[in-house]
Amino acid sequence: MRYWLLKSEPGDFSIDDLAASENQSTCWDGVRNYQARNFIRNEMKKGDLAFFYHSSCAEPGITGIVEITREAYPDETAFDHNDKHFDPKSQRSDPRWYVVDVQLKHKLEKYLTLAKLRQHAGDSLSALQLLKRGNRLSVMPIAPDDWKFILTID
DNA sequence: GCCAACGTTGGC
DNA sequence: GCCAACGTTGGC
């Protein structure tokens with residue numbers, strides 16, 4: 001079992017949007033970065049857990065935990081002319097982009113801000129990709145030790 | 001294969 | 001809104 005972090009702009013799709021979804025589930029579509037795609041397509045397994053992270057907002061941070069409930073399948077939004085994630089280079093015969101399904105496990109009791117995470121950038125979380133400068137990856141693995149540590153942060 | 005131009009991400 | 005970082009594109 002592996003751990004992940006998934007970014008979403010709350011103005012686009014927030015954890016409350018997920019909570020309000022049918023089965024508290026959604027397909028994680030719109031990822032258009034190859035490194036992130038490779039994680040989704042090749043490495044995410046059913047049962048893996050992921051932090052739900054709110055990015056590009058007033059107070060970025062980890063807001064909840066989701067479970068991967070279905071492994072990779074083609075991203076339909078890439079085929080849809082009317083979707084903002086439409087990609088003419090993705091063909092049904094050779095899909096370029098993939099999604100997984102995720103289901104809400106729970107929101108964190110206390111919103112864990114990026115600022116709070118940064119307090120540990122020098123020691124316990126020194127390897128956390130999220131805290132590296134210039135980090136723009138929207139899907140990234142979290143080491144088990146980092147996952148455990150993050151859950152202990154008050 | 002190089003690299004400049006451009007677009008996007010995301011924190012602040 | 002600004003700007004640094006980074007990925008992608010396209011001419012050569």
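Quick note on labels: first sequence line is chain A, next is B, and so on, each numbered from 1.
Under the 4.0 Å criterion applied to side-chain N and carboxylate O atoms, A:Asp154 and A:Lys110 are assigned as salt-bridge partners. With salt bridges taken as basic N to acidic carboxylate O contacts below 4.0 Å, one links A:Lys105 and A:Glu67. A:Glu59 and A:Lys116 are not joined by a salt bridge, as no carboxylate oxygen comes within less than 4.0 angstrom of a charged side-chain nitrogen. Checked for salt-bridge contact, A:Asp75 and A:Arg32 meet the test: a charged N lies under 4.0 Å from a carboxylate O.
Rounded to an integer number of Å, the gap from A:Gln35 CD to C:dT8 C1' is 14 Å. When the P atom of B:dG7 is taken as reference, atom CG of A:Asn33 falls 18 Å away, rounded to whole Å. A:Asn38 places its CG atom 13 Å from the P atom of C:dG7, with the value rounded to the nearest Å. The distance from atom CE of A:Met140 to atom P of C:dG7 is 12 Å, rounded to the nearest whole Å. Here C:dT8 presents its P atom at 11 Å from CG of A:Leu137, a figure rounded to the nearest Å. To the nearest angstrom, C1' of C:dA4 lies 8 Å from CZ of A:Arg133. To the nearest angstrom, C1' of C:dG7 lies 13 Å from CG of A:Asn135.
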Can I get a per-line list of side-chain donor-acceptor pairs under 3.5 Å for residues 22-30 of chain A, giving both atom names and the distance, sequence neighbours left out?
residue : atom : partner : partner atom : Å
A:Gln24 : NE2  : A:Ala19 : O            : 3.3
A:Ser25 : OG   : A:Asn23 : O            : 3.1

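A distance of 11.0 Å separates CZ in A:Phe79 from CZ in A:Arg96, rounded to the nearest 0.5 Å.
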Step by step, would you call A:Phe51 with A:Ile65 a side chain to side chain contact (heavy atoms under 4.5 Å, CB included)?
CA-CA 5 Å; A:Phe51 287 129; A:Ile65 294 177; 4.0 Å; yes

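Taking the centre and axis of the six-membered ring of A:Tyr73, the NZ or CZ atom of A:Arg70 falls inside the cone set by 45° and 6.0 Å.
Contacts with DNA chain B (heavy atom under 4.0 Å) in residues 113-130 of chain A: A:Leu114, A:Arg118, listed by number.
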Filtered N/O pairs between nucleotides 9-11 of chain C and protein, under 3.5 Å:
residue : atom : partner : partner atom : Å
C:dT9   : OP1  : A:Lys89 : NZ           : 3.0

